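Scroll down for the structure; my scribbles are underneath it.
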Amino acid sequence: MAGPRSGAGAGATVTRHRGHPAAATLLTLLSALLTCCVRCAEPSKPSNIILILADDQDVQLGGMTPMKKTRTMIGEAGATFVNAFTVTPLCCPSRSSILTGQYPHNHEVRNNSLSGNCSSPLWQKGPESEAFPTYLLKQKYQTFFAGKYLNQYGKKDGDVSHVPPGWDQWNALVGNSQYYNYTLSVNGKEEKHGDSYEKDYLTDLIANRSLNFLDNRSPQHPFFLMLAPPAPHSPWTAAPQYQKVFDDVKAPRDGSFDKPGKDKHWLLRQPVNPMPSSSVSFLDNAYRQRWQTLLSVDDMVELLVNKLTSIKELDNTYIIYTSDNGYHTGQFSLPIDKRQLYEFDIRIPLMVRGPGIKPNQTLKAPVLNIDLAPTILDISGVDLSTVNVDGQSFLAQMAPSLRNGTERPFFLVEYTGEGHATTDPACPKLGPGLSQCFPDCVCEDAFNNTYACVRTLDKEHDMQYCEFADSESFVEVYNLASDPYQLENIVKKVDPAVLQAMNQRLIKLQSCEGDSCRNIK
């Protein structure tokens, strides 16, 4: 008569033979198999993510050169993107694009002013409430922010108490970049800082608080850190130990340095050319001081990598290093700033290391700052079809085995200029509507420095087509394959059919949203 088939009966049958060696071996094997199956069924912990966001760091003009540790610990240990761009070359709209994964025409942050929607109530009620950290929190990530957030953050009474959704730990700078004598919002409470290097130097404070967060985290859950040091933004205050280095460094003199912008938008036709020696001395000093401030960021990267190693999390952590926009020092006789459509202002550094990324990769696929949010969410396991972003994940470019993806052949760069209603005392001859003016009557921005560009970058084309919203309806076109420094505006030499095609593509990009931004033909 056959024995029982039920679980209980089967257990009783085994019990009768407990003393038999074969039965004992069978029990051991069954136990091991059961344990293995349970472990296999357990979901593995998602990868940790760290985003380091510098402020105004160029890549075209050697901005990464002084950062040996960062280039070694992130770039050489992973992937360096040589065609990374911001979709708008200014701090607040660019940072808003990073947080939302959207072009400025969708998140509606236009410039650094409150009227331009920078950290405004409209931003806080809308795009900020759906920024990528809110998704990470739902994925049970432990989230930490330290450093510069948005230029107008905390400027109005009571704003310091505002902590954007998605953050467990919040250490945000009130206003624009400073190194000393600043105010932080620490989890919604005001914290004032002075001028003591040991206590207050902001880059070091960000580093130290991030290490404390890592020490006190819950090992059961993944973590996300966003670290936004002030460097190399003005006022370029280097740490005491770095204030004497790079004494012989000057801004590069190649490319478009001190070249006249005779065929460009009127704002580029205004600077004195060649530049006065006072302007050259000023920009050289700024260039040198910017490098000095970056050495503390380099130290921060080293501290982070060493900490991740000591807590055995380095191999399961993606570290992303980038900047909000580029910067120029003397190009087309513009002393210092960003806000322009040219490569020196829209190209940004981008290096990533992490699981599945082979070391020493140099990747040429075009990547945008609006791609950071979807990439971070992709790493965290969020279904990107559920997220309203204009960008796309570039995880596939770094680690093709992890995802399938496609490169984009072209993209949009857009900027809304800022100007003052009254005439700038430093530049009375140009009248009202300008801003960022220098004593030699060189103004870096204006109301009608408002433009939109199509940047085409694929195997066959390397071009830029830009239209200005001004009384001239000015157009600039560059073939970067033959003219990488954009010295000649070829708008009058290009086939009109090509111009018309670029114009139509630009119109579509300026009104795109979500999936349509990625699939315009």
Side-chain angles (χ1 to χ4, degrees), residues 52-75 91 146-149 151 171-184 191-211 227-252 278-306 321-330 335-338 344 348-349 351 436 438:
I52 302 170
L53 180 63
D55 196 355
D56 285 2
Q57 186 172 4
D58 66 274
V59 66
Q60 285 286 92
L61 310 175
M64 290 301 303
T65 303
M67 304 184 70
K68 295 179 181 179
K69 299 169 187 173
T70 302
R71 287 183 284 122
T72 299
M73 293 182 166
I74 303 180
C91 300
K148 175 178 171 178
Y149 182 55
N151 296 56
N171 301 265
L173 179 68
V174 172
N176 206 357
S177 283
Q178 293 289 330
Y179 299 79
Y180 295 109
N181 300 307
Y182 56 85
T183 300
L184 292 180
E191 180 180 282
K192 291 189 175 294
H193 285 265
D195 56 5
S196 165
Y197 171 69
E198 290 76 13
K199 296 178 181 178
D200 303 313
Y201 191 71
L202 184 54
T203 304
D204 290 358
L205 181 145
I206 292 168
N208 293 332
R209 293 197 179 180
S210 68
L211 298 184
L227 310 180
H233 196 285
S234 61
W236 313 309
T237 309
Q241 66 270 30
Y242 295 132
Q243 291 179 0
K244 301 296 183 180
V245 300
F246 305 129
D247 282 344
D248 58 344
V249 168
K250 294 182 179 180
S278 58
S279 291
V280 175
S281 176
F282 172 76
L283 69 86
D284 277 339
N285 189 52
Y287 190 87
R288 181 167 50 251
Q289 290 178 313
R290 284 161 51 79
W291 272 25
Q292 292 170 349
T293 65
L294 284 170
L295 293 179
S296 292
V297 181
D298 209 32
D299 290 341
M300 180 177 74
V301 170
E302 181 182 40
L303 286 171
L304 275 169
V305 171
N306 289 341
Y321 187 95
T322 190
S323 174
D324 50 6
N325 48 256
Y327 204 76
H328 58 257
T329 45
I336 59 164
D337 201 47
K338 51 269 187 177
F344 43 72
I348 54 176
M351 299 179 293
Q436 310 299 314
F438 287 84

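Just so you know, these numbers come straight off a predicted model, no measurement behind them. Position 1 is the first residue of the sequence, and the numbers go up from there. Side chains are part of it too, since the values below use all heavy atoms of this structure and drop only hydrogens, waters and symmetry mates.
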Sequence neighbours excluded and cut-off under 3.5 Å, please list the side-chain donor-acceptor pairs for residues 229-237, or say none.
| from | atom 1 | to | atom 2 | distance (Å) |
| --- | --- | --- | --- | --- |
| W236 | NE1 | P232 | O | 3.3 |

For this session: Kindly determine whether W291 and Y242 satisfy side-chain contact (heavy atoms from CB on, under 4.5 Å), including the steps that lead there.
Result: CA-CA 9 Å; W291 272 25; Y242 295 132; over 6 Å; no
Exercise. Would you say the ring centroid of F344 lies under 6.0 angstrom from that of Y327?
Worked result: no
Problem set entry | For D204, all residues meeting salt bridge (Lys or Arg N to Asp or Glu O under 4.0 Å), sequence neighbours excluded | none
For this session: May I ask you to decide if F246's main-chain N or O and Q292's side chain share a donor-acceptor pair within less than 3.5 Å?
Result: no
For this session: Starting at CG of N285, measure out to OG1 of T329 and round the result to the nearest 0.5 Å.
Result: 12.0 Å
Exercise. Within the distance-only criterion (no hydrogens, no angle test), does the side chain of T72 pair as donor or acceptor with the backbone N or O of K69 below 3.5 angstrom?
Worked result: no
Exercise. Can you list every pair that meets salt bridge (charged side-chain N to carboxylate O under 4.0 Å, His left out) and has a residue in residues 52-64, with sequence neighbours left out?
Worked result: D55-R95, D55-K148, D56-K338, D58-R290
Exercise. Has the side chain of D284 got a donor or acceptor atom that lies under 3.5 Å from a matching backbone atom of A251?
Worked result: yes
For this session: List in chain and number order the residues that pass side chain to side chain contact (heavy atoms under 4.5 Å, CB included) with T183, two or more places apart in sequence or in another chain; answer none if no residue qualifies.
Result: V174, E190, K192
Problem set entry | Between CG on residue L304 and CD1 on residue I206, distance to nearest 0.5 Å | 11.0 Å
Problem set entry | side chain to side chain contact (heavy atoms under 4.5 Å, CB included) partners of R209, counting only residues at least two apart | F144, N171, L184, V186, E191, H193, L205
Problem set entry | Heavy-atom closest contact (M300 atom, I52 atom, distance) | CE-CG2, 3.9 Å
For this session: Taking all heavy atoms of L61 and all of H328, pick out the closest pair and write down the distance.
Result: CD1-CA, 4.0 Å
Exercise. Taking all atoms of both residues into account, what is the closest heavy-atom pair of T203 and V297, and its distance?
Worked result: CG2-N, 3.8 Å
Seminar exercise, completed: CD (Q243) and CG (L295) are apart, to the nearest 0.5 Å, by 11.5 Å
Problem set entry | Partner residues of Y321 under the ring-ring contact (aromatic ring centres under 6.0 Å, His included) criterion, sequence neighbours left out | none
For this session: Take Q241 and Y197, measure what side chain to side chain donor-acceptor pair (under 3.5 Å) needs, and give me the verdict at the end.
Result: CA-CA 10 Å; Q241 66 270 30; Y197 171 69; 3.0 Å; yes
Exercise. Any donor-acceptor pair under 3.5 Å linking the side chain of D298 with the backbone of L294?
Worked result: no
For this session: Determine whether L202 and Y182 make a side-chain contact, defined as any pair of heavy atoms from C-beta on separated by less than 4.5 Å.
Result: yes
Exercise. Which pair of non-hydrogen atoms, one from D324 and one from L53, has the smallest distance, and what is that distance?
Worked result: N-CD1, 3.6 Å
Problem set entry | Distance (rounded to the nearest 0.5 Å) between S296 OG and Y179 OH | 9.0 Å
Exercise. Heavy-atom distance under 4.5 Å between the side chains of M351 and M64, does that happen here?
Worked result: yes
For this session: Could you go through the side-chain contact (heavy atoms from CB on, under 4.5 Å) check for Y149 and L173 one step at a time?
Result: CA-CA 7 Å; Y149 182 55; L173 179 68; over 6 Å; no
For this session: Report, as yes or no, whether the 6.0 Å neighbourhood of atom NZ on K250 holds more than 12 heavy atoms from other residues, nucleotides or ligands.
Result: no
For this session: Would you indicate whether the side-chain heavy atoms of I74 and V301 approach each other to under 4.5 Å?
Result: yes
Problem set entry | Heavy-atom closest pair, residues I336 and A286 | CG2-CB, 4.2 Å
Exercise. Counting only N and O atoms by type, is there a donor-acceptor contact under 3.5 Å from the side chain of N176 to the main-chain atoms of N151?
Worked result: no
Problem set entry | Y201 to A239 - nearest heavy-atom pair and separation | OH-N, 3.2 Å
Exercise. Would you find a donor on one side and an acceptor on the other, under 3.5 Å apart, between the side chain of S279 and the backbone of P335?
Worked result: no
Exercise. When rounded to the nearest 0.5 angstrom, what is the spacing between OG1 in T70 and NZ in K68?
Worked result: 12.5 Å
